[in-house]
Every structure is written in structure tokens, then in C-alpha cells.
Amino acid sequence: MDLTIYDQTTDGISEEQRELINKLLQFAANKLGLADSTEMSVTLMNNPAIKKLNAEYRNVDRATDVLSFAAEENGDETPIIMDPELAAELSVNLGDLFISVDKVAEQAKFLGHSTERELGFLVVHGFLHLNGYDHVQPEDEKKMFSLQREILDEYGLQR
């Protein structure tokens, strides 16, 4: 997967955090069978910046932990049938994740686990949203959360 990580935090993220995000998303992409040409970005920021995005795009005037903006909606359009080899060469942009490192620290402390586990959880949660998963309906929530747990556990980020 072609992943771009942006660091807009005031203190900067560590190389270990950058590596965790990259390796975990590569692992998750392989788990879902995504093409190597799949693209997405992750932007790490502090609470004031994510609060501004949350207010602007969701009309919620508070900081949140993760925002997912899908680049391409999976609607009911008629699929384009093409040669599978050609399809594997085409880039698909999943979209963009925005994660508050402040919320990562706050939630890790509150939940009693490592910041690595919380960061991994938010990265996978947002990644699944970009891949069309949601948790609005109970059956969808069960499917998404089960896959989320499976990815994190298999990667080695158990609670």
C-alpha cells in the first residue's frame, strides 16, 4: 500500500509511532486483500486542529480521536469490468485519516493500556471506515468490531 503519513503535531511523533502506523496498515491492507497500489494518508495532529475539522465537517464543536474521509464512495454504481491484471495496476485512493495524538494519550490512560495499542486501535478503526465498514447498525458493528479485534490481535496489539 502507498501510505503517506503527515505529522502536524506540536511535539512531533516518534519514529516508532510512524513505523507502527505504517506496518499495521500494511498488515491490515494485506488482511483485506487490497492491491499494493492502494493509496491513503494518515495525518497526526493535536486536539485544537482535530476539533476544528470536527466542527467544520461534522458540526461537532469538540475534539475527537479519529476522523475518516473516504475518497471514493462505494455506492450502487454499475461496476466497471476490466482485465484483472490491469485492475491490479490501477491506484485506488481510500482517503484520509486524521488522528489526535492528544486523544491517543488520554484514552490510553483512561482505558489502562499502552499508547501504542490505542494508536493502533484508532488507525485500524479509521482504516476500516475507509474500506466501507461502519457501526451504525448492530449487525454492522459486530462485523466491524470483530474484524478490528482480529487485525489488532493478529498484529500483536492485544488489550
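One-based numbering along the sequence shown.
- Nearest heavy-atom pair across Ser68 and Leu130 is CB-CD2, 4.0 Å.
- Under the 4.5 Å side-chain contact rule for hydrophobic residues, Leu20 and Leu97 share a cluster.
- The heavy-atom pair separating Asp7 from Arg18 by the smallest distance is CB-NH2, 3.9 Å.
- Clustering ILVMFWY residues whenever any of their side-chain heavy atoms sit less than 4.5 angstrom apart, transitively, puts Val66 in a cluster other than the one holding Tyr6.
- Looking at Met1 and Asn30, their side chains never come closer than 4.5 Å, going by heavy atoms from C-beta outward.
- In this structure, the side chains of Gln107 and Leu122 come closer than 4.5 Å at one or more pairs of heavy atoms.
- Here the shortest heavy-atom pairing between Ala108 and Ser114 reads CB-O, 3.6 Å.
- Inter-residue side-chain proximity for Ile151 and Leu128 is flagged as met; some heavy-atom pair is nearer than 4.5 Å.
- In this structure, the side chains of Leu44 and Val104 stay at 4.5 Å or more apart for every pair of heavy atoms.
- Rounded to the nearest 0.5 angstrom, Lys23 NZ and Glu16 CD are separated by 10.5 Å.
- The nearest pair of heavy atoms linking Leu147 to Lys31 is CD1-CE, 4.5 Å.
- Here OG1 of Thr38 is found 8.0 Å from CG of Asn131. Values are rounded to the nearest 0.5 Å.
- In plain terms, the two heavy atoms of Phe127 and Ala28 that are nearest each other are CE2-CB, 3.5 Å.
- Under the 4.5 Å side-chain heavy-atom criterion for grouping Ile, Leu, Val, Met, Phe, Trp and Tyr, Ile99 is not connected to Ile50 through any hydrophobic cluster.
- The distance from the CG atom of Leu119 to the CG atom of Leu157 is 9.0 Å, given to the nearest 0.5 Å.
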Test side-chain contact (heavy atoms from CB on, under 4.5 Å) applied to Met45 and Leu53, step by step: CA-CA 11 Å; Met45 52 187 30; Leu53 284 177; 3.9 Å; yes
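- Under the 4.5 Å side-chain criterion, counting only non-hydrogen atoms from C-beta, Leu94 is in contact with Leu34.
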Show your reasoning for whether side-chain contact (heavy atoms from CB on, under 4.5 Å) applies to Thr43 and Asp96. CA-CA 8 Å; Thr43 302; Asp96 308 296; 5.9 Å; no
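- Here His135 pairs with His125, His129 under the side chain to side chain donor-acceptor pair (under 3.5 Å) rule; sequence neighbours left out.
- Applying the ring pair (Phe, Tyr, Trp, His ring centres under 6.0 Å) test to Phe69 and every residue at least two apart in sequence or in another chain returns Tyr57, Phe98.
- Of the inter-residue distances, the one linking Ile5 atom CD1 with Ser41 atom OG reads 9.5 Å to the nearest 0.5 angstrom.
- Val124 is not listed as a side-chain neighbour of Tyr155, based on a closest heavy-atom distance of 4.5 Å or more.
- To the nearest 0.5 angstrom, Phe121 atom CZ is 8.5 Å from Leu111 atom CG.
- Under the 4.5 Å side-chain criterion, counting only non-hydrogen atoms from C-beta, Leu24 is in contact with Leu152.
- For Lys52, there are no side-chain contact (heavy atoms from CB on, under 4.5 Å) partners, not counting sequence neighbours.
- For the residue pair Glu106 and Asn47, a side-chain donor N or O sits within less than 3.5 Å of a side-chain acceptor on the partner.
- Atom CG of residue Leu67 and atom CG of residue Asn54 lie 5.0 Å apart, to the nearest 0.5 angstrom.
- Judged by distance alone, the side chains of Asp11 and Thr9 never bring a donor and an acceptor atom under 3.5 Å apart.
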